Novice: 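Structure in structure tokens, see below.
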Number of protein chains: 2
Amino acid sequence: MTGGYLKGRIRREDIITAAAAAYGELGYHGSSLREIAKRVGISHAGLLYYFPTKEALLAAVLERRDAEDSEREQLTVPPGLAVLRHFVALAEHNVRHPGIVDLYSRLAAEAVAPDHPAHEYFVRHYRAARDGVHESFAALAARGELRDGVEPALAALTFIALMDGLQVQWLTVPGDVDLVGSLRFYLQNLLTVPL
Amino acid sequence: MTGGYLKGRIRREDIITAAAAAYGELGYHGSSLREIAKRVGISHAGLLYYFPTKEALLAAVLERRDAEDSEREQLTVPPGLAVLRHFVALAEHNVRHPGIVDLYSRLAAEAVAPDHPAHEYFVRHYRAARDGVHESFAALAARGELRDGVEPALAALTFIALMDGLQVQWLTVPGDVDLVGSLRFYLQNLLTVPL
DNA sequence: CCTACCGATCGGTAGG
DNA sequence: CCTACCGATCGGTAGG
């Protein structure tokens with residue numbers, strides 16, 4: 001007599017996991033409900049019992065991604081070097097989980113279209129990422145740990161862009177790209193102190 | 001009695017133009033032959049008279065893109081600052097032609113999948129871009145125009161990645177991103193001489 | 001959760 | 001270049 005609720009919750013998680021993998025491999029538009037359902041072992045109509053529309057499933061995938069990121073990111077990290085190191089650690093994590101990188105890169109590129117269901121998500125995502133890093137660069141600048149002429153706002157914007165661009169190139173030609181080393185190189189270049 | 005050949009060639013060019021626009025807006029997989037044909041004012045079967053398969057049309061779009069890039073790029077530019085300035089000029093050109101950026105970003109993200117028909121194209125594209133920039137950074141280093149500790153190979157890789165990442169972010173939140181200014185900022189940071 | 005179905009759309013072909 | 005068509009696939013619904 002195991003609770004039916006628990007079983008349902010597990011099933012939902014399985015569906016979200018399968019959907020995230022499919023979005024990474026095939027893109028959102030390229031991932032049919034039938035394909036995702038097959039990976040879970042149910043019919044596509046059965047999937048729609050858990051998520052009423054294709055977009056609702058996408059929303060659930062993005063929500064879980066945010067929840068995972070928030071978990072890994074302890075909110076206690078103060079602006080400064082620690083935040084930058086945290087991003088390097090995130091890159092190290094990503095190298096061991098290409099599926100996550102796939103998902104993110106594919107969705108980000110699709111979602112440049114204003115009518116894409118994940119567009120607003122990425123607008124917020126970029127703003128939040130930029131603002132967080134900006135704050136850290138500003139703190140470093142105040143302590144004189146940023147090289148002369150380095151504008152915190154531009155440093156933040158280019159840092160986020162670099163991470164994204166590196167990921168796409170890494171996925172395309174994995175052997176040619178050192179994700180973590182490239183990030184370190186970039187950051188060290190802006191700092192007057194060791195990372 | 002206008003030559004039928006000329007008319008056919010113009011029609012082919014029109015189809016390629018429409019396809020490139022559609023790929024940018026909707027991605028390759030999201031662009032149906034019927035949609036592209038409608039933009040040209042013919043039936044999708046008519047389109048297949050000019051390009052026998054969907055992939056053949058994609059190949060034609062990529063070929064023309066390369067041809068245009070080669071035209072703009074005079075082959076006489078020697079490795080060094082001039083090449084970097086050329087990339088900044090390319091960014092200025094792109095800001096006025098978002099359709100090209102759309103096409104490139106969408107296809108690059110789709111084509112990380114090894115079985116995507118444009119995958120090999122992007123593998124070659126990344127290699128060529130990196131090698132070209134690498135050569136220029138190496139020349140600058142030899143002349144002492146690169147800051148200490150800047151490795152030409154990493155500088156080249158991150159430069160290409162930065163361009164790509166900036167483009168996606170610029171397409172998503174155009175008002176928040178200064179494409180050209182960000183590139184200048186990045187490059188100036190690596191150099192000991194004014195760009 | 002299932003089977004069975006809907007209308008719409010896909011790339012490609014036949015035959016002119 | 002067209003009309004007409006093919007089999008396959010799509011998201012979603014009906015009714016259990």
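A, B, ... follow the sequence lines: proteins, then strands. Residue 1 opens every chain. Treat the numbers as computed from the prediction; the structure is a model and nothing was measured.
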Novice: Heavy atoms from C-beta onward define the side chain here; which of dC2(D), dC2(C), dG11(C) lies closest to that of Ala45(B)?
Specialist: dC2(D)
Novice: In whole angstrom, give the distance that lies between atom OH of Tyr49(B) and atom P of dC2(D).
Specialist: 11 Å
Novice: Counting only non-hydrogen atoms, which of residues 106-122 of chain A are less than 4.0 Å from DNA chain D?
Specialist: none
Novice: If you find the nucleotide of DNA chain D closest to Tyr50(B) and the one closest to Pro52(A), which residue's nucleotide is nearer the 5' end?
Specialist: Tyr50(B)
Novice: Give the stems involving DNA chain D, where a stem is 3 or more consecutive Watson-Crick or G-U wobble pairs (i with j, i+1 with j-1, and so on) under 3.5 Å.
Specialist: C:1-16 with D:1-16
Novice: Starting at CG of Leu48(A) and ending at P of dT13(D), how long is that distance when rounded to a whole Å?
Specialist: 8 Å
Novice: Of the candidate nucleotides dG12(C), dC5(C), dC2(D), which contains the atom at the shortest distance from the side chain of Ser43(B)?
Specialist: dC2(D)
Novice: Begin with the C-alpha distance, continue with both residues' side-chain angles, and end with the deciding distance and a verdict on ring-ring contact (aromatic ring centres under 6.0 Å, His included) for Tyr121(B) and Tyr126(B).
Specialist: CA-CA 9 Å; Tyr121(B) 171 86; Tyr126(B) 283 133; 9.5 Å; no
Novice: Considering just the side-chain nitrogens and oxygens of Ser32(B), establish if one lies under 4.0 Å of OP1 or OP2 belonging to dC10(C).
Specialist: yes
Novice: Do Asn94(A) and Leu90(A) have side chains that get closer than 4.5 Å, going by heavy atoms?
Specialist: yes
Novice: Quickly work out the Leu33(A) CG to dC10(D) P distance and round it to whole Å.
Specialist: 9 Å
Novice: For His29(B) and Tyr23(B): C-alpha separation, side-chain torsions, deciding distance, then whether ring-ring contact (aromatic ring centres under 6.0 Å, His included) applies.
Specialist: CA-CA 8 Å; His29(B) 289 305; Tyr23(B) 294 165; 9.7 Å; no
Novice: Taking NE2 from His44(B) and C1' from dA8(C), how many angstroms apart are they, rounded to a whole number?
Specialist: 14 Å
Novice: Starting at atom CD of Glu35(A), determine the distance to atom P of dG11(D), rounded to an integer number of angstrom.
Specialist: 11 Å
Novice: Is Glu68(A) salt-bridged to Arg64(A), going by a charged N under 4.0 Å from an acidic O?
Specialist: yes
Novice: Using atom CG of Leu47(B) as one end and atom P of dT13(C) as the other, report the distance to the nearest whole Å.
Specialist: 14 Å
Novice: Can you tell me how far C1' of dT9(D) sits from NE2 of His29(B), to the nearest Å?
Specialist: 15 Å
Novice: With a 6.0 Å cut-off on ring centres, are His116(B) and Tyr28(B) close enough?
Specialist: yes
Novice: Whole angstroms only, please: what is the CD1-P distance between Ile36(B) and dT9(C)?
Specialist: 16 Å
Novice: Would a distance-only check, ignoring hydrogens and angles, find a side-chain to backbone donor-acceptor pair under 3.5 Å from Ser31(B) to Leu26(B)?
Specialist: no
Novice: Only one of Ile160(A), Asp164(A), Thr158(A), Leu166(A) forms a side chain to side chain contact (heavy atoms under 4.5 Å, CB included) with Leu162(A), so which one is it?
Specialist: Leu166(A)
Novice: At their closest point, which heavy atom of Asp14(A) faces which heavy atom of Val40(A), and how far apart are they?
Specialist: O-CG2, 4.1 Å
Novice: On DNA chain C, compare the nucleotides closest to Arg34(A) and Ile42(A); which residue's is nearer the 5' end?
Specialist: Ile42(A)
Novice: Any chance the side chains of Arg147(A) and Asn189(A) put a donor and an acceptor closer than 3.5 Å?
Specialist: no
